[in-house]
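Every chain is numbered from 1 and lettered A, B, ... according to where its sequence line falls, protein lines coming before strand lines.
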Amino acid sequence: MERFETHTHDVIVIGAGGAGLRAAIEASAQGASVGLVCKSLLGKAHTVMAEGGVAASLGNVDSKDNWKTHFHDTMHGGKMLNNWRMAQLHAQEAPERVRELEHWGALFDRTKEGDINQRAFGGHTWKRLAHVGDRTGLEMIRTLQDRGIHTGVDVYMECTITHILKDGDRISGAFGYWRESGRFVLFNAKSIILATGGIGKSYKVTSNSWEYTGDGHALAYEAGADLIDMEFVQFHPTGMVWPPSVKGILVTEAVRGEGGILTNRNGERFMEKYDPERMELSTRDVVARSIYTEVQEGRGSPHGGAFLDISHRGAEYVKKKLPSMYHQFMEFAEIDITKEPMEVYPTTHYIMGGVRVDAETAQTTVRGLFACGEVAGGMHGANRLGGNSLSDLLVFGKRSGTGAADYASKIKDNELKINDIDIEGAVKEMLTPYENAEGENPYTIHQALQEAMGDFVGVFRTKDKLHEGIEEINILKERASQLKIEGSRMFNPGWHLCKDLKSMLIVSEAIARCAHQREESRGAHSRVDFPQYNDEKWGTVNSVISKDNGDMKLSTSPLHQMPEELKRIVEGGYE
Amino acid sequence: MSVAKLRIYRGDSDGGQEVEYEVPVEEGTVVLDAIHFVQANYDGDLAVRWNCKAGKCGSCSAEINGMPKLTCKTRLDTLPLDKPITVHPLKTFPIIKDLVTDVSWNYEVRKKIPPFKYPEDTDWKMQQVDVERSQEFRKCIECYLCQDVCHVLRNHNKKNEFFGPRMMIKIAELEMHPLDIEDRKEMLREAAGIGYCNITKCCTDVCPESIHITDNAIIPLKERVADTYFDPLQWIIAKVKGS
């Protein structure tokens with residue numbers, strides 16, 4: 001077998017978006033030696049694209065806001081399927097995590113009094129989102145990046161983890177390869193934090209970048225951890241529609257937060273029909289379904305979307321509050337949003353489901369394996385509120401960093417073994433596409449998977465369609481077992497896609513099968529054949545995916561009982 | 001549907017050449033779409049960096065018809081399609097493969113810049129008008145097009161002596177933070193080599209975020225350095241104080 005380099009750390013963090021960076025900073029602050037491994041260059045992860053803001057009940061604009069209201073809103077947004085303890089910790093700790101960013105150099109927009117300004121967003125009772133125009137994610141990742149590089153974290157850029165290694169039932173390392181050289185690399189680690197983000201690249205129309213291929217979900221699954229609630233995929237109501245090149249690119253919810261109005265081709269403000277109280281600032285699941293329905297029923301805009309208009313706020317205001325949107329539409333679509341409406345349509349944006357974790361420490365069901373940010377499940381239940389992702393990654397990034405460092409501190413150096421057979425297996429699996437004399441083009445399989453997920457596992461679902469989707473995924477799995485690629489191992493995107501396909505097929509199957517199982521509609525999961533909530537049967541359980549003797553096993557597990565004092569808050573006792 | 005011809009540079013540190021591909025053009029097609037089409041249909045191993053494909057991450061920089069640009073923001077219909085479009089890697093950085101270059105130098109330099117430091121007794125009150133100065137520079141998506149076009153780095157390869165425009169606005173962003181108390185003037189004059197910039201504004205011209213790199217960052221920083229080190233009055237005061 002070829003030689004490969006080895007690095008040793010107490011904690012390895014996989015993924016360098018907001019969650020991974022926050023986790024690495026914390027683990028390092030706890031005294032652990034930390035390696036941060038990321039698929040792209042540092043600072044390019046998906047957090048960079050987050051626009052609208054970070055939700056935290058600072059109470060700077062609406063002084064009545066507090067953690068209880070934030071908790072209440074989050075639970076209602078998640079249709080009560082959330083891990084209530086995560087939602088509670090999140091609401092309680094988000095303000096401190098945001099202030100901490102300011103201490104590390106972040107420059108949020110200000111109120112007249114000189115405090116951090118906050119804006120309205122869907123499903124939030126008060127103005128709650130701290131923001132920087134419509135580039136909040138960029139501000140956060142730069143701040144965390146600066147903090148990370150000055151606090152002793154070793155960063156391994158453009159390095160892809162392909163396998164997680166265990167010694168018995170404990171984590172002992174991670175195996176992967178350098179994209180530049182194509183050479184393999186081994187990381188010895190006492191604990192691993194997954195912070196790999198989401199899964200959007202399984203769908204054709206998505207706001208997600210190429211990295212979002214469900215790597216962490218798949219690595220956790222392969223390592224024996226549980227995945228929960230995988231049927232809950234958030235379709236953001238407002239993605240760009242035209243031109244084709246930019247279909248799916250995000251149009252921030254801040255457009256509606258700043259007063260944007262949705263209309264159909266007849267000029268009707270259709271949200272009056274679907275949610276007369278909250279209108280455009282209803283939750284994302286509701287707005288996405290509303291736009292979808294308007295288009296299905298023949299009232300769509302010329303390119304098959306809805307109109308979203310912010311021009312009534314005036315050119316100066318729009319350019320100041322939504323500068324990225326102004327430029328995005330001007331440059332990609334030649335539309336001046338200060339003068340004319342945008343066309344928008346739902347786009348695959350976020351997965352609420354993910355790796356099952358302990359709320360306090362973010363540890364998964366595998367010893368030594370932790371998860372935070374989008375890859376972790378539970379926090380958002382059946383539907384995530386806008387702004388709750390950036391706060392989630394800060395709160396649970398920090399908690400996972402503490403959890404993983406603490407766990408690692410109890411293990412002696414050299415106590416854990418790496419199994420040679422596991423490495424040989426990993427190498428063989430990775431090199432197969434080069435050795436196959438014949439095989440499929442990975443790009444072809446990827447396109448077919450994206451079509452299938454859009455057609456069969458999209459916004460509205462039925463038993464028959466989901467069944468067809470599962471069959472199609474099975475066929476694609478078979479085809480993907482025999483891939484062939486060209487070229488050398490140096491920076492070869494085709495080779496990388498072979499590995500990504502493995503992850504995408506695992507998460508796609510998990511999503512389709514969970515969606516097939518849950519015979520009700522709740523949050524982002526809409527079943528045409530079961531359009532109502534079924535609280536009795538489905539309101540009390542999480543869907544669970546696990547690996548059992550090499551096969552994907554589907555089951556459910558009961559939600560934890562919520563304590564009485566939190567129940568009272570959920571029922572409205574938060575003043 | 002019309003077609004365009006792309007001549008994409010293929011090669012590595014041992015050399016290479018342009019390879020011509022034909023790609024379909026529809027309304028709004030950008031150069032990065034064309035590159036993806038090439039990967040999926042002709043050469044799966046064509047190396048390119050990209051992430052968001054929405055002009056927000058600054059990964060997909062290249063030289064299109066000789067101009068440093070983001071491939072995700074360059075629409076084919078803005079280019080003359082009667083002749084092939086050339087796509088080359090950034091010239092200022094060593095090539096790894098095809099359109100991917102080794103930009104690690106930027107990360108090394110970045111690490112040398114002292115981070116934000118605040119006074120113990122601050123109440124964290126800041127006015128919007130005051131934070132906006134730094135916010136302009138914090139829009140930077142680190143695409144390194146400014147570093148690529150800067151003649152001090154590109155033509156004279158002074159990477160050991162000049163940090164480049166990206167790092168100048170990084171320093172400016174910190175220096176103009178309303179609460180920052182760190183002093184980076186010595187660094188600006190010495191290690192960062194601000195004197196090398198002779199204000200040709202090439203960096204400002206290529207910035208996809210329209211940051212006024214030269215006018216709003218480099219010139220004010222040059223003035224601060226000049227005030228400290230070359231103002232005769234300041235010089236005398238420093239001498240008397242014995243520093």
Side-chain angles (χ1 to χ4, degrees), chain A residues 40-46 48-49 99 102-105 107-110 112-115 117 132-133 135 137-139 142 146-147 149-150 155 157 180 207 209-211 242-246 249-250 324 327-328 331-333 441-444 447 485-488 490-495 497, chain B residues 12 26-30 32-33 36 39-41 43-59 73 75 96-98 100 102-104 107 110-111 113-116 118 123-132 134-135 138-142 173-174 177-178 180 209-210:
Chain A
S40 289
L41 295 174
L42 187 63
K44 308 296 183 192
H46 217 280
V48 88
M49 296 171 73
R99 281 192 282 265
E102 190 161 71
H103 297 192
W104 296 347
L107 277 172
F108 292 100
D109 285 350
R110 320 306 294 182
K112 282 199 179 67
E113 293 73 35
D115 298 314
N117 198 4
V132 185
R135 56 158 191 88
L138 174 65
E139 185 70 13
R142 282 293 174 270
D146 282 348
R147 183 75 183 174
I149 60 172
H150 288 112
V155 184
M157 295 196 287
E180 177 175 337
S207 62
S209 80
W210 78 273
E211 295 195 286
W242 191 259
S245 162
V246 292
I249 290 184
L250 188 64
S324 304
H327 289 292
Q328 185 171 307
E331 286 162 25
F332 291 128
N441 179 347
Y443 293 95
T444 310
Q447 283 164 7
I485 45 156
E486 315 258 310
S488 75
M490 268 179 72
F491 218 110
N492 187 335
W495 187 30
L497 184 55
Chain B
D12 53 33
E26 50 182 4
E27 189 178 338
T29 301
V30 295
L32 186 56
D33 291 318
H36 287 160
Q39 287 180 326
N41 295 283
D43 283 331
D45 65 337
L46 169 63
V48 61
R49 279 199 188 100
W50 71 286
N51 280 59
C52 73
K53 200 176 170 288
K56 296 182 198 308
C57 76
S59 301
K73 279 177 85 170
R75 288 172 63 140
I96 292 174
K97 183 183 156 190
D98 304 339
V100 175
D102 178 0
V103 293
S104 57
Y107 286 88
R110 170 91 185 263
K111 217 170 164 172
I113 301 171
F116 171 61
Y118 58 87
D123 60 1
W124 297 99
K125 298 271 184 193
M126 288 178 263
Q127 293 305 311
Q128 182 64 31
V129 60
D130 295 326
V131 300
E132 275 172 8
S134 277
Q135 281 183 337
R138 291 180 72 92
K139 286 194 300 187
C140 172
I141 57 174
E142 298 198 318
E173 160 215 312
L174 291 159
H177 187 299
D180 181 74
E209 288 293 310
S210 306

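- Proximity to chain A (any heavy atom under 4.5 Å) is shown, for B/N51, by both the backbone and the side chain.
- Remark: B/P114 engages B/E182, B/R184, B/M187 in a side-chain contact (heavy atoms from CB on, under 4.5 Å) (not counting sequence neighbours).
- For B/L174, no part lies near chain A; criterion is any non-hydrogen pair under 4.5 Å.
- No part of B/L32 comes within reach of chain A, as not one of its non-hydrogen atoms sits under 4.5 angstrom from that chain.
- When each of A/E486, A/E180, A/R147, A/Q447 is checked for heavy-atom pairs under 4.5 Å with chain B, A/E180 comes out on top.
- No other option in B/G55, B/S210, B/S134, B/C140 has as many heavy-atom pairs under 4.5 Å with chain A as B/C140.
- Heavy atoms of B/V48 lying under 4.5 Å from chain A belong exclusively to its backbone.
- Looking at every heavy atom in both residues, A/A333 comes nearest to A/W242 through CB-O, 3.7 Å.
- In this pair, A/W210 and B/W50 present their aromatic rings tilted. The plane angle is within the 30 to 60° band.
- With a threshold of 4.5 angstrom between heavy atoms, A/I149 approaches chain B through its backbone and through its side chain.
- Residue contact with chain A, scored on non-hydrogen atoms closer than 4.5 Å, involves the side chain of B/E132 exclusively.
- Ion pair B/K125/A/D115 flagged as a salt bridge, since at least one NZ, NE, NH1 or NH2 atom sits closer than 4.0 Å to an Asp/Glu carboxylate oxygen.
- Here B/E142 pairs with A/R142 in a salt bridge; the nearest charged N to carboxylate O distance falls below 4.0 Å.
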Check the pair A/R135, B/K56 against side chain to side chain contact (heavy atoms under 4.5 Å, CB included), reporting the backbone distance first and the verdict last. CA-CA 9 Å; A/R135 56 158 191 88; B/K56 296 182 198 308; over 6 Å; no
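- Residues A/E211 and A/H46 form no side-chain contact, since every pair of their non-hydrogen atoms from C-beta on lies 4.5 Å or further apart.
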Steps toward side chain to side chain contact (heavy atoms under 4.5 Å, CB included) verdict (A/F332, B/K73): CA-CA 7 Å; A/F332 291 128; B/K73 279 177 85 170; 3.7 Å; yes
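- For the options A/G43, A/P244, A/S488, heavy-atom pairs under 4.5 Å to chain B are most numerous at A/P244.
- Proximity to chain B involves both the backbone and the side chain of A/E139, based on heavy atoms less than 4.5 angstrom apart.
- Proximity to chain A (any heavy atom under 4.5 Å) is restricted, for B/R75, to the side chain, taken from C-beta onward.
- Contacts between A/N441 and chain B at a heavy-atom distance below 4.5 Å involve the side chain alone, from C-beta outward.
- The shortest distance between side-chain heavy atoms of B/W124 and A/R99 does not fall below 4.5 Å.
- Contact of B/E26 with chain A is made through the side chain alone, with heavy-atom distances under 4.5 Å.
- Between chain B and the options A/K112, A/M490, A/E102, A/H327, heavy-atom pairs under 4.5 Å are most frequent for A/E102.
- Between chain B and the options A/L497, A/V48, A/L250, A/L107, the largest number of non-hydrogen pairs under 4.5 Å is found for A/L107.
- Within the 3.5 Å criterion, the main-chain N or O of A/G494 finds a donor-acceptor partner in the side chain of A/N492.
- Ranked by heavy-atom pairs under 4.5 Å with chain A, the first of B/E173, B/E27, B/H36 is B/E27.
- Neither the backbone nor the side chain of B/D102 comes within contact range of chain A; no heavy atoms are under 4.5 Å apart.
- Using modelled atom types, no side-chain atom of B/K97 and backbone atom of B/A47 make a donor-acceptor pair closer than 3.5 Å.
- Proximity to chain A involves both the backbone and the side chain of B/V131, based on heavy atoms less than 4.5 angstrom apart.
- For the pair B/Y107/A/L41, a side-chain contact is recorded, criterion being any heavy-atom separation below 4.5 Å from C-beta on.
- Heavy-atom pairs under 4.5 Å with chain B were tallied for A/S245, A/P243, A/S209; the largest tally goes to A/S245.
- Per-residue heavy-atom pair counts under 4.5 Å with chain A were compared for B/K53, B/R110, B/E209, and the maximum is reached by B/R110.
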